[in-house]
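Below: the structure, in structure tokens.
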Amino acid sequence: MSETPFSTRHIGTGEAAQQRMLAAVGVPSLEALMDAAVPRSIHDAQPPAGLPEPASEEEVLGRLRELAAKNTVRTSMIGQGYYDTRTPAVIQRNILENPAWYTAYTPYQPEISQGRLEALLNFQTMVIDLTGLDVAGASMLDEGTAAAEAMLLARRATARKLPGARRFVVDADLFAQTRAVLETRAAGVGIELVVADLLTDPAAADLEGAFGVLVQLPGASGRIPERQSVTALIDRAHDSDALAVVAADLLAATLVASAGELGADMAVGTTQRFGVPMGFGGPHAGYLAVKEGLQRQLPGRLVGVSHDADGAPAYRLALQTREQHIRREKATSNICTAQVLLAVMASMYAVYHGPDGLRAIAERVHAHARSLAGALAPALAAAGGQLAHERFFDTLELVVPGRAEDLRAAALEADVTVWLESLDRVRLSVDETTTPGAVEALVRAVSAALGASAPFESADTGRVPQWRDMTRTTEYLTHPVFSTYRSETAMMRYLRRLADKDYALDRGMIPLGSCTMKLNAAVEMAAVTWPEFSRIHPFAPAGDVAGYLELIGELESWLGILTGYEAVSVQPNAGSQGELAGLLAIKGYHESRGESGRDVCLIPASAHGTNAASAVLAGMRVVVVGTDGVGNIDLEDLRAQAEKHAESLAAIMITYPSTHGVYEEHVGEVCAVVHDAGGQVYIDGANLNALLGHARPGRFGGDVSHLNLHKTFCIPHGGGGPGVGPVAARAHLEPFLPGHPLVQGDLGARAGAVSSAPYGSPSILPISWAYIALMGAHGLREATESAVLAANYVAARLDEHFPVLYRGETGYVAHECILDLRPLRAETGITVDDVAKRLIDYGFHAPTMSFPVAGTLMVEPTESEDLGELDRFCAAMIAIRGEAMKVAEGTWPAEDNPLVGAPHTASAMVGDWEHPYTRAEAVYPVANQHQDKYWPTVRRVDGAYGDRNLVCACPPLESFA
């Protein structure tokens, strides 16, 4: 172990700084602070036992190398929605490994997010062009989730015309993992999922009572159906007012007719094969595109082009009224994030290759598939086998009666993994990385297994595809952005230019309450791009993924120890999916006991918006529980609601510490009231950064929790994703945690899948594993103490300027504090938005605005910021208060002052200046700021999220000239 423990690198304040902070807070020690702040009834005197001793960076990297060595990287021909790909080095280094991209936050504040927003607009344009539809979102969690959201969208969109329809019909040739996610999500909301052969005879398909249909293109078997079959099915669906969804492979879509050309209403899928490593299943950016008229039903996020205060074009999130913090139990989706970092990578893959490059890759892939089919034909014929389909893009299905396992084993001997569909069928998928040598090796192995000894001869079934009726005829990626950056120099500069427009954690503090933007150490990130982790297929043989399974097992065990639960699943690939998984576990538990009537979920008025949305998607009824005058759960109202719904109470969802940033004293009583009424307690783990090492939800009354690894456990936010939301539960709920039909481990006996891959987003799990290994139990406890100290220090410094709205019974906050700006507005007219925008001029990302209370800022400084940065933030807030007072005093007019004019761009400094404040007051409000000035590239952006004139694809470049 090195002389300097890693915890001193992770925690920004040293002993001397902490003594100064403790003096300001008014307590003698960190221990005294935690004793006073955390209720005695839940406070652990010592950190939990069972975690490893803290390791050095060298030891952690060495251990990760050992685990990586237990994974075997082979030529993957498994396919089934996951394909090996080449990540251009310029994208890997300048995006995936660049903290300017991976430490950024969700682009809610558009003025400091123009680079990310432009990249996401590129993503949307790419998806729109390749699917042939009108509008696409800024990414989904994965393909299965995208399909599930399309199913729910179809039901909503057809509700008036088809009020009684509850069937969603999917083609039998659909990826197994997509079907598994659909089954889980359909069961939660009472949809009947029907699996049928839709394309062999579309006229015979039973669409009675169906509100939508879904087909895969190409099919899971590799089949490209006849165009007439697809269009006939879509026409039949439309004739009955149902909607048609196509799950489309975007690389195939460069050659094969797009979903829009075929008449589909929606397209779903993944962009994984656009330069994003397989990573044992994730993270990857899914997509969902829709035709005109359905865009207001889209879940997740949508980027559009608006205008700033000067009338210049500017990007921002659009249609945000669908977000859960506004709609709560009326939300149409519980998704509160996206896969931004992966969407950016996929979009830049398209920018890097351009339309011609993508088409060339697709043609090469198809050529290898044709060569493989031709070379295997003699051996198949000799053995009485055949190709299941003559029309294919990249996947062959071999029909080999009784010999499928022999072929799989022979391929494995040749260092190639293939897909065993049944005892009689094997599937082989080629991809961008497939070489002629790999094709030859596979042909020799398969031929030998079938008893054919003829030497390999490259064969081609002809240059013209067998599916000419399905050939794409429309252009794509015609916007100049997809043909401008051909050289690596140009590409590198484009990525740098976009990154420079944004504010990320590599620039300074992001004090967002409830979001925990803390250090994502480089050593924790190191293993993500190692091929032993990045180039593993999610359905690879168990013997090839021993290192992954060991790492996941250790991480789940450590998370269980830290939270006090007996079982953990890392499958949910976002906090929202963790919430859903936890509620489905509760629902399954009640049903197993013959209590299916328990469907009421109590949710405090202060809860995260996703809580209510997740409850609805789990098939529960939401009943709101009020809060008292100081922000805590109203115990009397809770008792009344528990009594009123005693026969139907399923659960309560609480966040601890509360969404108001305090440790509620009566959390144990809250849990007892619900348990006594027969319900289960769900504890939202969003604020776990205030508990680690000091209290465990599974020990103070929780039955199940989700954990945000992208908050407490250091996985970077990536500009709004990736996230990981494991679900942890007491032993009685373990059988109802997520399972998966294709899992390598022993989870098959559990409940349904909530993510496409068995372990969600495994390639980023080494980050959290490394964090825990580096910190150890005592380091994690110190991190919690330091985070709580930082929040109380900010509260102490700012309370006289901006009252702290909520405190615990002993007068302390938890890891975040809510500053009340409503008195400032009453006194000066300056709004919370004005303060947030003015913070940009001071070089800060704003805290969380107007959540959970309108007109407030919720500040979470985290343990990673040093005292200098904390003081810089406090000084900025105090200075802004002084500026607001100048407005109140009449020094600056209410309609023209640095706050309402914020943020100020460099271009705004050029030319005539007619404001009552100086240029220096506008852009250099702090002494010496010119030495390290962040310049936003746009002025204040219109916040009217309902703007109907938004353009959600790349506009002409000249509009930004």
Side-chain angles (χ1 to χ4, degrees), residues 11-14 16-27 29-30 32-34 36-38 105 505 508-519 631 657-663 687 689-690 711 782-808 810-824 832 835-836 838-840 842-853 855-882 884 926:
I11 297 172
T13 51
Q18 289 183 356
Q19 288 303 315
R20 289 174 53 194
M21 296 164 69
L22 289 165
V25 173
V27 290
S29 66
L30 288 172
L33 173 62
M34 299 305 291
V38 182
Y105 182 61
L505 204 63
M509 179 182 182
I510 302 181
L512 284 152
S514 195
C515 287
T516 317
M517 296 294 294
K518 63 184 183 179
L519 173 69
S658 76
T659 309
H660 291 142
V662 298
Y663 298 97
N687 293 340
N689 208 47
K711 294 182 180 181
E782 291 172 7
T784 298
E785 295 164 354
S786 301
V788 173
L789 174 59
N792 278 277
Y793 177 73
V794 170
R797 285 284 314 273
L798 296 181
D799 190 46
E800 65 177 289
H801 307 282
F802 305 94
V804 175
L805 191 55
Y806 300 113
R807 294 180 182 271
T810 56
Y812 300 102
V813 299
H815 64 314
E816 59 193 8
C817 61
I818 297 178
L819 305 178
D820 194 354
L821 273 67
R822 293 172 297 183
L824 181 73
V832 65
V835 174
R838 183 59 171 158
L839 276 168
I840 298 173
Y842 280 80
F844 281 102
H845 192 299
T848 303
M849 289 188 291
S850 294
F851 176 83
V853 180
T856 66
L857 290 176
M858 184 159 60
V859 182
E860 183 178 353
T862 85
E863 72 272 17
S864 293
E865 299 299 338
D866 60 37
L867 182 54
E869 189 72 352
L870 297 177
D871 282 339
R872 188 171 77 89
F873 174 74
C874 291
M877 290 294 293
I878 294 169
I880 290 172
R881 164 79 184 186
V926 177

Nearest heavy-atom contact between L824 and A884 is CD1-CB, 3.7 Å
So, taking the atom named OG1 in T848 and the one named CG in L512, what distance separates them when rounded to the nearest 0.5 Å? 4.5 Å
Least distance between heavy atoms, S850 atom then V832 atom: OG-CG1, 3.7 Å
Go through the structure and list residues passing side chain to side chain donor-acceptor pair (under 3.5 Å) with S514, not counting sequence neighbours. H608
Correct closest heavy-atom pair for Y663 and A690 would be OH-O, 2.7 Å
Contacts of K711 that satisfy side chain to side chain donor-acceptor pair (under 3.5 Å) - sequence neighbours left out: none
Enter the distance from M858:CE to H660:NE2 here, rounded to the nearest 0.5 Å. 9.0 Å
If you measure from CE on M517 to OG on S864, what distance do you get to the nearest 0.5 Å? 11.0 Å
Minimum heavy-atom distance I818-P852, with the two atoms named: CD1-CD, 3.6 Å
Kindly indicate, with the supporting measurements, whether the criterion side chain to side chain contact (heavy atoms under 4.5 Å, CB included) is fulfilled by M21 and L870. CA-CA 10 Å; M21 296 164 69; L870 297 177; 3.7 Å; yes
In chain order, what residues pass the salt bridge (Lys or Arg N to Asp or Glu O under 4.0 Å) check against E863, with sequence neighbours excluded? K518
side-chain hydrogen bond (donor to acceptor under 3.5 Å, both in side chains) test vs T516 passes for just one of E860, E816, H815, namely E860
The criterion is side chain to side chain donor-acceptor pair (under 3.5 Å); which residues satisfy it with R20, sequence neighbours excluded? none
Can you see which heavy atom on F844 is nearest to which on A876, and at what distance? CE1-CB, 4.0 Å
Heavy atoms only: give me the nearest A846-L839 pair and the separation to one decimal. CA-CD1, 4.1 Å
Please tell me if the side chains of F873 and P861 come closer than 4.5 Å, counting only heavy atoms from C-beta onward. no
List the residues meeting ring pair (Phe, Tyr, Trp, His ring centres under 6.0 Å) with Y812, not counting sequence neighbours, and say none if there are none. none
When you compare the side chain of P657 with that of V662, does any pair of heavy atoms fall below 4.5 Å? no
Go through the structure and list residues passing side chain to side chain donor-acceptor pair (under 3.5 Å) with E869, not counting sequence neighbours. R872
Straight-line distance of T659 OG1 to N687 CG, nearest 0.5 Å: 6.5 Å
Atom pair OG1 (T13) and CG (L867), whose distance is rounded to the nearest 0.5 Å: 7.5 Å
Listing, residues 795-806 side-chain donor-acceptor contacts under 3.5 Å, not counting sequence neighbours, or none:
| residue | atom | partner | partner atom | Å |
| --- | --- | --- | --- | --- |
| R797 | NH1 | Y793 | OH | 3.4 |
| R797 | NH1 | D871 | OD1 | 2.7 |
| D799 | OD1 | V804 | N | 2.8 |

After noting the C-alpha distance and the side-chain angles of L857 and M877, does the key distance pass the side chain to side chain contact (heavy atoms under 4.5 Å, CB included) rule? CA-CA 11 Å; L857 290 176; M877 290 294 293; 3.9 Å; yes
Got a second to check how far D866's CG is from I11's CD1, nearest 0.5 Å? 13.0 Å
N792 side-chain N/O to V813 backbone N/O, donor-acceptor pair under 3.5 Å: yes
Please set out all donor-acceptor pairs under 3.5 angstrom arising from side-chain atoms of residues 783-790, sequence neighbours excluded.
| residue | atom | partner | partner atom | Å |
| --- | --- | --- | --- | --- |
| T784 | OG1 | L692 | N | 3.4 |
| T784 | OG1 | L692 | O | 2.7 |
| T784 | OG1 | L780 | O | 3.2 |
| E785 | OE2 | H694 | NE2 | 3.0 |
| S786 | OG | Q18 | NE2 | 3.2 |
| S786 | OG | E782 | O | 2.9 |

